[in-house]
Amino acid sequence: MKCNNCGWEMGEGHLYCEKCGAEIQMVPDFEPEIENSITEALSTVAEEIEGTDSDKKKADTDAKSSQNAEHGQDKKNVREDGPYGKDGTGQADKRGQENKFRQLLAERARRRGWLALALISIVAVTLATAVVMVSVYHRFSVNYQIEQARQYAQENDYEKAVDYLEKARILKDDAFEIVLMESGYYYQMGEKQKAVELLLKPLRNKHLAFEDEEKAYENIIAIYDEDEKYEEIAALLGACENESIVNHFQQYMAFSPEFSYESGNYDEVIFLQISANTAGKIYYTMDGSNPDENSEVYTAPLFLESGEYQIAAMFVNDYGIKSDIVRSWYMIHLTQPEPPQVLLPSGDYDVPTMIEVRAGEAEMVYYTTDSSNPGKDSILYTGPVAMPLGKSNFKFVAISEEGVSSEIVSRSFDFTLKTDVTVGKAIDNVVQALYKRQVLTDLQGHSTEIKGKYVFQYDTIVEIPDLGYYYVLSEYVDGDNGVKTKTGRLYAVEVYTGAPNRLIYDENSQMGLISLQ
(Lines give C-alpha, C1' and ligand atoms only; values in the text may rest on other atoms or scores of the structure.)
Protein backbone atom coordinates (compact mmCIF):
# COMPACT_ATOMS: atom_id res chain seq x y z
CA MET A 1 0.00 0.00 0.00
CA LYS A 2 1.39 3.43 -0.96
CA CYS A 3 0.94 6.75 0.78
CA ASN A 4 -1.30 9.02 -1.27
CA ASN A 5 0.71 12.02 -0.10
CA CYS A 6 4.40 11.06 -0.60
CA GLY A 7 4.24 7.69 -2.36
CA TRP A 8 6.06 5.85 0.46
CA GLU A 9 5.51 2.07 0.49
CA MET A 10 3.47 1.30 3.64
CA GLY A 11 3.01 -1.91 5.52
CA GLU A 12 -0.45 -3.45 6.05
CA GLY A 13 -2.44 -2.14 9.06
CA HIS A 14 -0.89 1.35 9.20
CA LEU A 15 -3.26 4.29 9.62
CA TYR A 16 -0.57 6.98 9.09
CA CYS A 17 2.38 7.27 6.70
CA GLU A 18 5.67 6.39 8.47
CA LYS A 19 7.49 8.96 6.38
CA CYS A 20 5.29 12.02 6.15
CA GLY A 21 2.68 11.26 8.82
CA ALA A 22 -0.28 11.68 6.40
CA GLU A 23 -3.51 9.78 7.22
CA ILE A 24 -4.18 6.74 5.08
CA GLN A 25 -7.65 7.05 3.35
CA MET A 26 -9.54 3.74 3.89
CA VAL A 27 -12.76 5.04 2.22
CA PRO A 28 -13.31 7.76 -0.34
CA ASP A 29 -13.69 11.32 1.02
CA PHE A 30 -17.07 13.05 0.65
CA GLU A 31 -17.21 16.13 -1.45
CA PRO A 32 -17.19 19.07 1.04
CA GLU A 33 -20.22 20.72 -0.58
CA ILE A 34 -22.31 17.51 -0.56
CA GLU A 35 -21.26 16.69 2.98
CA ASN A 36 -22.15 20.17 4.22
CA SER A 37 -25.55 20.07 2.43
CA ILE A 38 -26.46 16.70 3.94
CA THR A 39 -25.34 17.82 7.40
CA GLU A 40 -27.39 21.03 7.21
CA ALA A 41 -30.52 19.23 5.92
CA LEU A 42 -30.39 16.56 8.60
CA SER A 43 -29.68 19.15 11.28
CA THR A 44 -32.71 21.18 10.24
CA VAL A 45 -35.01 18.11 10.38
CA ALA A 46 -33.63 17.16 13.78
CA GLU A 47 -34.02 20.71 15.07
CA GLU A 48 -37.71 20.85 13.98
CA ILE A 49 -38.51 17.50 15.62
CA GLU A 50 -36.52 17.85 18.82
CA GLY A 51 -36.75 21.60 19.30
CA THR A 52 -33.27 21.67 20.95
CA ASP A 53 -31.08 22.79 18.08
CA SER A 54 -29.65 25.85 19.82
CA ASP A 55 -27.91 23.86 22.57
CA LYS A 56 -26.47 21.35 20.12
CA LYS A 57 -25.18 24.07 17.84
CA LYS A 58 -23.42 25.67 20.79
CA ALA A 59 -21.85 22.36 21.80
CA ASP A 60 -20.67 21.71 18.22
CA THR A 61 -19.18 25.16 18.00
CA ASP A 62 -17.19 24.65 21.20
CA ALA A 63 -15.97 21.25 20.03
CA LYS A 64 -14.83 22.65 16.69
CA SER A 65 -12.99 25.53 18.40
CA SER A 66 -11.13 23.10 20.63
CA GLN A 67 -10.30 20.89 17.67
CA ASN A 68 -9.00 23.80 15.66
CA ALA A 69 -6.87 24.96 18.56
CA GLU A 70 -5.31 21.56 18.97
CA HIS A 71 -4.77 21.23 15.26
CA GLY A 72 -3.05 24.58 15.21
CA GLN A 73 -0.77 23.58 18.10
CA ASP A 74 0.14 20.38 16.30
CA LYS A 75 1.10 22.32 13.24
CA LYS A 76 3.18 24.62 15.38
CA ASN A 77 5.00 21.72 16.95
CA VAL A 78 5.77 20.27 13.56
CA ARG A 79 7.13 23.52 12.33
CA GLU A 80 9.21 24.03 15.43
CA ASP A 81 10.46 20.50 16.02
CA GLY A 82 10.54 19.10 12.53
CA PRO A 83 9.02 15.81 11.44
CA TYR A 84 10.64 13.83 14.30
CA GLY A 85 10.43 16.45 17.15
CA LYS A 86 13.09 18.22 19.06
CA ASP A 87 14.77 15.07 20.18
CA GLY A 88 14.63 13.46 16.76
CA THR A 89 12.68 10.48 17.96
CA GLY A 90 9.27 11.52 16.46
CA GLN A 91 7.37 11.25 19.75
CA ALA A 92 5.74 14.66 19.45
CA ASP A 93 4.58 13.88 15.94
CA LYS A 94 3.11 10.57 17.04
CA ARG A 95 1.10 12.24 19.75
CA GLY A 96 -0.28 14.70 17.21
CA GLN A 97 -1.34 11.86 14.96
CA GLU A 98 -3.10 10.10 17.79
CA ASN A 99 -5.00 13.28 18.74
CA LYS A 100 -6.04 13.77 15.16
CA PHE A 101 -7.21 10.14 14.93
CA ARG A 102 -9.33 10.50 18.05
CA GLN A 103 -10.86 13.70 16.73
CA LEU A 104 -11.68 11.97 13.44
CA LEU A 105 -13.44 9.06 15.23
CA ALA A 106 -15.47 11.50 17.36
CA GLU A 107 -16.52 13.44 14.27
CA ARG A 108 -17.61 10.26 12.47
CA ALA A 109 -19.58 9.07 15.51
CA ARG A 110 -21.31 12.44 15.71
CA ARG A 111 -22.21 12.28 12.02
CA ARG A 112 -23.64 8.76 12.34
CA GLY A 113 -25.79 9.88 15.33
CA TRP A 114 -27.25 12.79 13.43
CA LEU A 115 -27.91 10.62 10.40
CA ALA A 116 -29.72 7.96 12.45
CA LEU A 117 -31.74 10.60 14.25
CA ALA A 118 -32.70 12.20 10.95
CA LEU A 119 -33.77 8.86 9.47
CA ILE A 120 -35.81 7.98 12.55
CA SER A 121 -37.39 11.44 12.49
CA ILE A 122 -38.29 11.15 8.80
CA VAL A 123 -39.87 7.73 9.36
CA ALA A 124 -41.82 9.02 12.36
CA VAL A 125 -43.06 12.06 10.49
CA THR A 126 -44.06 9.89 7.51
CA LEU A 127 -46.00 7.46 9.71
CA ALA A 128 -47.69 10.29 11.60
CA THR A 129 -48.65 11.97 8.35
CA ALA A 130 -50.10 8.72 7.00
CA VAL A 131 -52.11 8.16 10.20
CA VAL A 132 -53.43 11.70 10.07
CA MET A 133 -54.35 11.40 6.39
CA VAL A 134 -56.18 8.10 6.95
CA SER A 135 -58.00 9.57 9.94
CA VAL A 136 -58.96 12.71 8.03
CA TYR A 137 -60.17 10.68 5.04
CA HIS A 138 -62.16 8.39 7.33
CA ARG A 139 -63.82 11.21 9.22
CA PHE A 140 -64.74 13.10 6.06
CA SER A 141 -66.03 10.09 4.04
CA VAL A 142 -69.72 9.47 3.26
CA ASN A 143 -69.70 6.01 4.83
CA TYR A 144 -68.30 7.35 8.08
CA GLN A 145 -71.05 10.00 8.33
CA ILE A 146 -73.78 7.44 7.64
CA GLU A 147 -72.39 5.00 10.21
CA GLN A 148 -72.22 7.71 12.84
CA ALA A 149 -75.79 8.74 12.02
CA ARG A 150 -77.01 5.20 12.50
CA GLN A 151 -75.27 4.86 15.83
CA TYR A 152 -76.84 8.05 17.16
CA ALA A 153 -80.24 7.03 15.78
CA GLN A 154 -80.00 3.77 17.73
CA GLU A 155 -79.52 5.90 20.81
CA ASN A 156 -82.59 7.98 19.80
CA ASP A 157 -80.39 11.03 19.37
CA TYR A 158 -81.87 11.98 16.02
CA GLU A 159 -80.57 15.56 16.07
CA LYS A 160 -76.95 14.38 15.97
CA ALA A 161 -77.91 11.71 13.47
CA VAL A 162 -79.35 14.40 11.19
CA ASP A 163 -76.18 16.51 11.58
CA TYR A 164 -74.06 13.66 10.28
CA LEU A 165 -76.42 13.00 7.39
CA GLU A 166 -76.28 16.69 6.43
CA LYS A 167 -72.50 16.29 6.10
CA ALA A 168 -72.99 13.13 4.09
CA ARG A 169 -75.39 14.92 1.71
CA ILE A 170 -72.83 17.68 1.20
CA LEU A 171 -70.24 15.06 0.25
CA LYS A 172 -72.70 13.16 -1.95
CA ASP A 173 -75.74 15.28 -2.69
CA ASP A 174 -77.27 12.88 -5.23
CA ALA A 175 -77.54 9.89 -2.87
CA PHE A 176 -81.27 9.25 -2.35
CA GLU A 177 -80.69 6.69 0.37
CA ILE A 178 -79.21 9.47 2.53
CA VAL A 179 -82.23 11.70 1.86
CA LEU A 180 -84.60 8.86 2.72
CA MET A 181 -82.76 8.10 5.95
CA GLU A 182 -82.66 11.76 6.98
CA SER A 183 -86.36 12.17 6.21
CA GLY A 184 -87.08 9.21 8.45
CA TYR A 185 -85.10 10.76 11.31
CA TYR A 186 -86.98 14.05 10.97
CA TYR A 187 -90.22 12.06 11.11
CA GLN A 188 -89.04 10.38 14.33
CA MET A 189 -88.34 13.84 15.73
CA GLY A 190 -91.92 14.89 14.93
CA GLU A 191 -90.81 17.35 12.23
CA LYS A 192 -93.05 15.93 9.50
CA GLN A 193 -92.94 18.98 7.26
CA LYS A 194 -89.13 18.82 7.05
CA ALA A 195 -89.38 15.11 6.36
CA VAL A 196 -91.73 15.82 3.45
CA GLU A 197 -89.69 18.71 2.08
CA LEU A 198 -86.56 16.56 1.93
CA LEU A 199 -88.38 14.01 -0.23
CA LEU A 200 -90.10 16.60 -2.41
CA LYS A 201 -86.82 18.15 -3.58
CA PRO A 202 -85.51 15.12 -5.53
CA LEU A 203 -89.01 14.57 -6.93
CA ARG A 204 -89.06 18.09 -8.34
CA ASN A 205 -85.58 17.62 -9.80
CA LYS A 206 -86.86 14.51 -11.61
CA HIS A 207 -83.62 12.57 -11.48
CA LEU A 208 -84.72 9.60 -9.35
CA ALA A 209 -84.80 5.98 -10.44
CA PHE A 210 -88.27 4.40 -10.52
CA GLU A 211 -87.85 2.48 -7.23
CA ASP A 212 -86.54 5.57 -5.45
CA GLU A 213 -89.35 7.70 -6.88
CA GLU A 214 -91.91 5.16 -5.67
CA LYS A 215 -90.36 5.14 -2.17
CA ALA A 216 -90.49 8.93 -2.06
CA TYR A 217 -94.19 8.99 -2.94
CA GLU A 218 -94.96 6.18 -0.48
CA ASN A 219 -93.33 8.02 2.42
CA ILE A 220 -94.84 11.42 1.60
CA ILE A 221 -98.33 9.96 1.16
CA ALA A 222 -98.02 7.97 4.39
CA ILE A 223 -97.21 11.18 6.30
CA TYR A 224 -100.04 13.12 4.64
CA ASP A 225 -102.50 10.28 5.24
CA GLU A 226 -101.55 10.16 8.91
CA ASP A 227 -102.47 13.84 9.22
CA GLU A 228 -105.53 13.43 6.94
CA LYS A 229 -104.11 15.86 4.39
CA TYR A 230 -106.00 14.29 1.53
CA GLU A 231 -106.11 17.45 -0.58
CA GLU A 232 -102.29 17.55 -0.51
CA ILE A 233 -102.14 13.91 -1.57
CA ALA A 234 -104.48 14.57 -4.50
CA ALA A 235 -102.40 17.59 -5.58
CA LEU A 236 -99.16 15.60 -5.27
CA LEU A 237 -100.45 12.77 -7.42
CA GLY A 238 -102.04 15.21 -9.86
CA ALA A 239 -98.55 16.56 -10.65
CA CYS A 240 -97.01 13.07 -10.93
CA GLU A 241 -96.08 12.07 -14.48
CA ASN A 242 -95.54 8.40 -13.61
CA GLU A 243 -98.77 6.64 -14.55
CA SER A 244 -97.85 3.50 -12.61
CA ILE A 245 -97.48 5.43 -9.36
CA VAL A 246 -100.72 7.36 -9.96
CA ASN A 247 -102.61 4.11 -10.51
CA HIS A 248 -101.07 2.61 -7.40
CA PHE A 249 -102.41 5.44 -5.23
CA GLN A 250 -105.55 6.27 -7.22
CA GLN A 251 -107.80 5.71 -4.18
CA TYR A 252 -106.65 9.15 -3.01
CA MET A 253 -107.66 10.80 -6.27
CA ALA A 254 -111.06 11.81 -7.60
CA PHE A 255 -111.13 11.51 -11.37
CA SER A 256 -114.07 12.97 -13.21
CA PRO A 257 -116.90 10.44 -13.77
CA GLU A 258 -117.23 8.77 -17.16
CA PHE A 259 -120.45 8.22 -19.16
CA SER A 260 -121.14 4.97 -21.01
CA TYR A 261 -122.57 6.91 -23.98
CA GLU A 262 -121.11 9.92 -25.77
CA SER A 263 -123.24 13.01 -26.22
CA GLY A 264 -125.46 12.88 -29.30
CA ASN A 265 -128.75 11.86 -30.92
CA TYR A 266 -130.12 8.36 -30.44
CA ASP A 267 -133.12 6.50 -31.82
CA GLU A 268 -133.26 4.02 -28.99
CA VAL A 269 -133.65 4.04 -25.23
CA ILE A 270 -130.37 4.52 -23.39
CA PHE A 271 -129.43 2.92 -20.11
CA LEU A 272 -126.77 5.44 -19.20
CA GLN A 273 -124.06 4.21 -16.83
CA ILE A 274 -121.83 6.61 -14.88
CA SER A 275 -118.57 5.23 -13.46
CA ALA A 276 -115.73 6.49 -11.25
CA ASN A 277 -112.14 5.36 -10.73
CA THR A 278 -112.47 4.20 -7.12
CA ALA A 279 -114.73 3.99 -4.09
CA GLY A 280 -116.95 6.97 -3.37
CA LYS A 281 -120.22 8.53 -4.51
CA ILE A 282 -121.36 10.01 -7.83
CA TYR A 283 -123.79 12.92 -7.63
CA TYR A 284 -125.76 13.92 -10.74
CA THR A 285 -128.47 16.15 -12.15
CA MET A 286 -130.53 15.73 -15.33
CA ASP A 287 -131.42 19.37 -16.01
CA GLY A 288 -127.92 20.73 -16.63
CA SER A 289 -127.50 22.32 -13.18
CA ASN A 290 -124.29 21.83 -11.19
CA PRO A 291 -124.48 18.78 -8.92
CA ASP A 292 -123.33 18.91 -5.29
CA GLU A 293 -123.51 16.61 -2.29
CA ASN A 294 -127.23 17.35 -1.98
CA SER A 295 -127.98 16.08 -5.49
CA GLU A 296 -129.19 12.63 -6.50
CA VAL A 297 -126.74 9.80 -5.78
CA TYR A 298 -126.08 7.51 -8.72
CA THR A 299 -126.94 3.89 -7.82
CA ALA A 300 -128.16 2.36 -11.11
CA PRO A 301 -128.12 3.13 -14.86
CA LEU A 302 -130.27 6.09 -15.86
CA PHE A 303 -133.19 5.21 -18.15
CA LEU A 304 -133.28 7.77 -20.95
CA GLU A 305 -136.24 7.50 -23.33
CA SER A 306 -137.79 10.03 -25.71
CA GLY A 307 -136.72 13.54 -24.95
CA GLU A 308 -133.72 15.78 -24.35
CA TYR A 309 -131.39 15.26 -21.39
CA GLN A 310 -128.49 17.29 -19.96
CA ILE A 311 -126.61 15.08 -17.50
CA ALA A 312 -124.05 16.62 -15.15
CA ALA A 313 -122.05 14.48 -12.70
CA MET A 314 -119.43 14.88 -9.98
CA PHE A 315 -117.47 12.24 -8.05
CA VAL A 316 -116.50 12.48 -4.36
CA ASN A 317 -114.15 9.76 -3.11
CA ASP A 318 -114.08 8.24 0.37
CA TYR A 319 -111.52 10.87 1.47
CA GLY A 320 -113.83 13.75 0.57
CA ILE A 321 -111.86 14.76 -2.55
CA LYS A 322 -114.16 16.16 -5.26
CA SER A 323 -113.67 15.73 -8.97
CA ASP A 324 -114.39 18.24 -11.69
CA ILE A 325 -117.95 18.33 -12.99
CA VAL A 326 -118.53 16.62 -16.33
CA ARG A 327 -121.52 17.06 -18.65
CA SER A 328 -123.15 15.18 -21.47
CA TRP A 329 -126.18 15.88 -23.74
CA TYR A 330 -128.56 13.31 -25.19
CA MET A 331 -131.46 13.69 -27.66
CA ILE A 332 -133.57 10.54 -27.80
CA HIS A 333 -135.94 10.29 -30.80
CA LEU A 334 -138.40 7.43 -30.31
CA THR A 335 -142.04 6.66 -31.15
CA GLN A 336 -144.05 6.29 -27.98
CA PRO A 337 -146.38 3.25 -27.98
CA GLU A 338 -150.09 3.55 -27.40
CA PRO A 339 -151.14 3.10 -23.77
CA PRO A 340 -152.46 -0.37 -22.85
CA GLN A 341 -156.21 -1.05 -22.99
CA VAL A 342 -157.71 -2.12 -19.65
CA LEU A 343 -161.03 -3.78 -20.52
CA LEU A 344 -162.48 -3.51 -17.01
CA PRO A 345 -163.51 -0.03 -15.85
CA SER A 346 -162.93 1.25 -12.35
CA GLY A 347 -165.83 0.71 -9.91
CA ASP A 348 -167.45 -1.41 -7.20
CA TYR A 349 -167.82 -5.15 -7.71
CA ASP A 350 -169.61 -7.85 -5.65
CA VAL A 351 -168.70 -10.93 -7.65
CA PRO A 352 -165.25 -12.31 -8.53
CA THR A 353 -164.05 -10.55 -11.66
CA MET A 354 -160.93 -10.90 -13.84
CA ILE A 355 -158.97 -7.85 -15.01
CA GLU A 356 -157.91 -8.13 -18.64
CA VAL A 357 -155.41 -5.87 -20.53
CA ARG A 358 -154.48 -5.59 -24.22
CA ALA A 359 -151.48 -3.99 -25.95
CA GLY A 360 -149.55 -4.07 -29.26
CA GLU A 361 -147.93 -7.32 -30.35
CA ALA A 362 -144.39 -5.95 -29.93
CA GLU A 363 -145.10 -4.39 -26.57
CA MET A 364 -144.92 -5.74 -23.04
CA VAL A 365 -147.32 -4.67 -20.28
CA TYR A 366 -146.20 -4.18 -16.68
CA TYR A 367 -148.32 -3.23 -13.69
CA THR A 368 -148.22 -2.34 -9.99
CA THR A 369 -150.81 -2.54 -7.16
CA ASP A 370 -149.04 -0.32 -4.61
CA SER A 371 -149.71 3.03 -6.35
CA SER A 372 -146.12 3.29 -7.68
CA ASN A 373 -145.47 3.91 -11.39
CA PRO A 374 -144.80 0.69 -13.33
CA GLY A 375 -141.68 -0.03 -15.34
CA LYS A 376 -139.55 -2.94 -16.51
CA ASP A 377 -138.91 -3.94 -12.90
CA SER A 378 -142.64 -4.20 -12.13
CA ILE A 379 -144.98 -7.22 -12.44
CA LEU A 380 -145.20 -8.54 -15.98
CA TYR A 381 -148.75 -8.97 -17.22
CA THR A 382 -149.15 -12.51 -18.66
CA GLY A 383 -152.92 -12.92 -18.55
CA PRO A 384 -156.13 -11.84 -16.82
CA VAL A 385 -155.63 -10.93 -13.16
CA ALA A 386 -158.22 -11.79 -10.47
CA MET A 387 -159.60 -8.73 -8.78
CA PRO A 388 -158.58 -8.81 -5.13
CA LEU A 389 -161.02 -8.38 -2.26
CA GLY A 390 -161.44 -4.88 -0.92
CA LYS A 391 -160.12 -1.69 -2.45
CA SER A 392 -157.27 -1.88 -4.96
CA ASN A 393 -155.48 0.35 -7.45
CA PHE A 394 -153.80 -0.97 -10.61
CA LYS A 395 -151.37 0.97 -12.86
CA PHE A 396 -150.46 -0.39 -16.29
CA VAL A 397 -147.81 0.64 -18.83
CA ALA A 398 -146.86 -0.66 -22.28
CA ILE A 399 -143.12 -0.73 -23.19
CA SER A 400 -141.92 -1.11 -26.78
CA GLU A 401 -138.98 -3.22 -27.97
CA GLU A 402 -136.86 -0.05 -28.06
CA GLY A 403 -137.63 0.45 -24.39
CA VAL A 404 -140.01 3.36 -24.86
CA SER A 405 -142.82 3.55 -22.31
CA SER A 406 -146.38 4.53 -23.05
CA GLU A 407 -148.55 6.68 -20.89
CA ILE A 408 -149.67 5.00 -17.67
CA VAL A 409 -153.25 3.76 -17.32
CA SER A 410 -154.81 3.46 -13.84
CA ARG A 411 -157.82 1.53 -12.54
CA SER A 412 -159.37 1.46 -9.06
CA PHE A 413 -161.66 -1.31 -7.78
CA ASP A 414 -163.69 -2.04 -4.65
CA PHE A 415 -164.60 -5.71 -4.55
CA THR A 416 -167.00 -6.93 -1.84
CA LEU A 417 -168.08 -10.57 -2.04
CA LYS A 418 -171.61 -11.29 -0.90
CA THR A 419 -171.04 -14.41 1.17
CA ASP A 420 -170.94 -15.48 4.78
CA VAL A 421 -167.58 -17.17 4.21
CA THR A 422 -164.93 -14.57 4.87
CA VAL A 423 -161.18 -14.98 4.30
CA GLY A 424 -160.72 -15.55 8.03
CA LYS A 425 -163.38 -18.28 7.99
CA ALA A 426 -161.69 -19.93 5.02
CA ILE A 427 -158.33 -20.06 6.90
CA ASP A 428 -160.00 -21.56 10.00
CA ASN A 429 -161.63 -24.25 7.88
CA VAL A 430 -158.25 -25.31 6.49
CA VAL A 431 -156.63 -25.44 9.95
CA GLN A 432 -159.45 -27.56 11.41
CA ALA A 433 -159.33 -29.96 8.46
CA LEU A 434 -155.57 -30.50 8.86
CA TYR A 435 -155.95 -30.94 12.62
CA LYS A 436 -158.56 -33.65 12.07
CA ARG A 437 -156.19 -35.40 9.69
CA GLN A 438 -153.49 -35.16 12.45
CA VAL A 439 -151.26 -33.13 10.18
CA LEU A 440 -151.35 -30.47 12.91
CA THR A 441 -151.04 -31.23 16.60
CA ASP A 442 -153.19 -28.26 17.63
CA LEU A 443 -155.31 -25.50 16.16
CA GLN A 444 -152.42 -23.02 16.50
CA GLY A 445 -150.66 -24.70 13.57
CA HIS A 446 -147.96 -26.73 15.38
CA SER A 447 -146.77 -30.01 13.92
CA THR A 448 -144.33 -32.76 14.79
CA GLU A 449 -142.77 -32.32 11.38
CA ILE A 450 -141.39 -28.82 11.89
CA LYS A 451 -140.04 -26.39 14.44
CA GLY A 452 -142.40 -23.48 14.75
CA LYS A 453 -145.87 -23.61 13.24
CA TYR A 454 -147.83 -23.51 9.98
CA VAL A 455 -149.64 -20.33 8.98
CA PHE A 456 -151.92 -19.63 6.00
CA GLN A 457 -152.28 -16.44 3.97
CA TYR A 458 -154.88 -15.28 1.43
CA ASP A 459 -153.61 -14.77 -2.12
CA THR A 460 -156.57 -14.24 -4.43
CA ILE A 461 -159.93 -15.53 -5.70
CA VAL A 462 -159.94 -17.76 -8.75
CA GLU A 463 -162.60 -19.35 -10.87
CA ILE A 464 -162.12 -23.02 -11.52
CA PRO A 465 -164.13 -24.01 -14.61
CA ASP A 466 -167.24 -25.99 -13.83
CA LEU A 467 -166.46 -25.85 -10.10
CA GLY A 468 -166.99 -22.24 -9.05
CA TYR A 469 -165.02 -19.53 -7.21
CA TYR A 470 -162.41 -20.27 -4.55
CA TYR A 471 -160.24 -18.42 -2.07
CA VAL A 472 -156.61 -19.35 -2.75
CA LEU A 473 -154.42 -19.68 0.39
CA SER A 474 -150.63 -20.14 0.55
CA GLU A 475 -148.96 -22.15 3.32
CA TYR A 476 -145.93 -20.81 5.26
CA VAL A 477 -143.75 -22.09 8.12
CA ASP A 478 -143.39 -19.49 10.85
CA GLY A 479 -140.10 -20.48 12.48
CA ASP A 480 -138.97 -19.90 16.03
CA ASN A 481 -136.73 -17.11 14.72
CA GLY A 482 -139.77 -15.24 13.37
CA VAL A 483 -138.91 -15.84 9.72
CA LYS A 484 -141.73 -17.05 7.43
CA THR A 485 -140.88 -19.56 4.72
CA LYS A 486 -143.26 -20.46 1.91
CA THR A 487 -143.75 -24.23 1.57
CA GLY A 488 -145.27 -24.17 -1.92
CA ARG A 489 -148.52 -25.91 -0.89
CA LEU A 490 -151.77 -24.18 -1.87
CA TYR A 491 -155.30 -24.54 -0.49
CA ALA A 492 -158.62 -23.60 -2.11
CA VAL A 493 -161.78 -22.79 -0.10
CA GLU A 494 -165.12 -22.49 -1.89
CA VAL A 495 -166.28 -18.90 -1.35
CA TYR A 496 -169.91 -19.70 -0.65
CA THR A 497 -169.76 -23.07 1.17
CA GLY A 498 -166.37 -22.79 2.88
CA ALA A 499 -165.35 -26.31 1.82
CA PRO A 500 -161.51 -26.74 2.23
CA ASN A 501 -159.40 -28.36 -0.49
CA ARG A 502 -155.81 -28.84 -1.61
CA LEU A 503 -155.20 -26.93 -4.83
CA ILE A 504 -153.04 -28.72 -7.38
CA TYR A 505 -151.97 -28.24 -11.01
CA ASP A 506 -151.66 -31.01 -13.58
CA GLU A 507 -149.06 -31.33 -16.36
CA ASN A 508 -151.06 -28.89 -18.46
CA SER A 509 -151.15 -26.30 -15.64
CA GLN A 510 -154.86 -26.94 -15.17
CA MET A 511 -156.13 -26.47 -11.61
CA GLY A 512 -157.55 -29.37 -9.63
CA LEU A 513 -158.88 -29.98 -6.10
CA ILE A 514 -158.28 -32.62 -3.40
CA SER A 515 -160.94 -32.42 -0.71
CA LEU A 516 -159.85 -32.23 2.94
CA GLN A 517 -163.30 -33.19 4.31
Side-chain angles (χ1 to χ4, degrees), residues 234 238 243 246-247 250 253-318 320-342 357-382 393-411:
E243 185 177 350
V246 173
N247 291 335
Q250 65 173 305
M253 303 188 71
F255 296 136
S256 297
E258 295 182 356
F259 298 105
S260 58
Y261 286 84
E262 295 181 355
S263 295
N265 298 314
Y266 294 86
D267 57 1
E268 61 180 346
V269 170
I270 289 179
F271 290 90
L272 181 66
Q273 295 179 337
I274 309 176
S275 59
N277 66 299
T278 185
K281 292 181 179 180
I282 298 174
Y283 298 90
Y284 72 94
T285 61
M286 299 182 69
D287 59 0
S289 61
N290 290 334
D292 56 28
E293 292 173 282
N294 295 318
S295 302
E296 290 289 331
V297 177
Y298 174 83
T299 57
L302 304 180
F303 181 70
L304 306 183
E305 47 186 353
S306 291
E308 182 178 356
Y309 302 88
Q310 297 183 39
I311 311 298
M314 174 187 72
F315 173 63
V316 181
N317 69 13
D318 286 344
I321 306 301
K322 300 178 182 179
S323 74
D324 294 333
I325 295 174
V326 290
R327 301 175 185 278
S328 195
W329 291 263
Y330 303 96
M331 182 67 73
I332 312 298
H333 303 279
L334 296 173
T335 302
Q336 189 176 30
E338 293 293 328
Q341 297 180 10
V342 182
V357 180
R358 294 177 183 175
E361 292 183 0
E363 297 164 359
M364 306 293 288
V365 176
Y366 297 86
Y367 69 95
T368 62
T369 59
D370 59 0
S371 299
S372 63
N373 291 331
K376 279 193 172 182
D377 295 329
S378 302
I379 303 170
L380 175 64
Y381 175 84
T382 57
N393 178 261
F394 285 78
K395 288 186 176 182
F396 299 91
V397 67
I399 300 178
S400 67
E401 290 181 337
E402 295 80 17
V404 182
S405 297
S406 70
E407 294 181 1
I408 295 173
V409 178
S410 298
R411 291 290 187 271

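All of these numbers come straight from a predicted model, not from anything done at the bench.
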Enter the distance from [X]:[atom1] to [Y]:[atom2] here, rounded to the nearest 0.5 Å.
| X | Y | atom1 | atom2 | value |
| --- | --- | --- | --- | --- |
| Asn373 | Lys395 | CG | NZ | 4.5 Å |
| Leu380 | Asp377 | CG | CG | 12.0 Å |
| Tyr366 | Ile408 | OH | CD1 | 14.0 Å |
| Met286 | Glu308 | CE | CD | 12.0 Å |
| Trp329 | Phe259 | CH2 | CZ | 9.0 Å |
| Ser323 | Met253 | OG | CE | 11.0 Å |

- Look at the aromatic rings of Tyr261 and Tyr266 and report parallel, tilted or perpendicular, splitting at 30° and 60°. perpendicular

- Phe303 side chain reached by Val269 side chain, heavy atoms, under 4.5 Å: yes

Tell me which donor-acceptor pairs under 3.5 Å the side chains of residues 270-277 have, and how far apart each pair is, sequence neighbours excluded?
{"from": "Asn277", "atom 1": "OD1", "to": "Phe255", "atom 2": "N", "distance (Å)": "3.3"}
{"from": "Asn277", "atom 1": "ND2", "to": "Gln250", "atom 2": "O", "distance (Å)": "3.3"}

Would you indicate whether [X], at its atom [atom1], is surrounded by more than 12 heavy atoms from other residues, nucleotides or ligands within a distance under 6.0 Å?
| X | atom1 | value |
| --- | --- | --- |
| Asp287 | CG | yes |
| Glu407 | CD | no |
| Glu338 | CD | no |

Would you list the atom pairs, donor with acceptor, under 3.5 Å between side chains in residues 357-365 and any protein atom, with sequence neighbours excluded?
{"from": "Glu363", "atom 1": "OE1", "to": "Gly360", "atom 2": "N", "distance (Å)": "3.1"}

- Apply side chain to side chain contact (heavy atoms under 4.5 Å, CB included) to Thr368 and Phe394, showing your working. CA-CA 6 Å; Thr368 62; Phe394 285 78; over 6 Å; no

- Message: For the backbone of Pro337 and the side chain of Ser406, can you confirm whether one donor and one acceptor N or O come within less than 3.5 Å of each other?
- Response: no

- Task: Could you tell me which residues satisfy salt bridge (Lys or Arg N to Asp or Glu O under 4.0 Å) with Glu293, sequence neighbours excluded, listed by chain and number?
- Result: Lys322

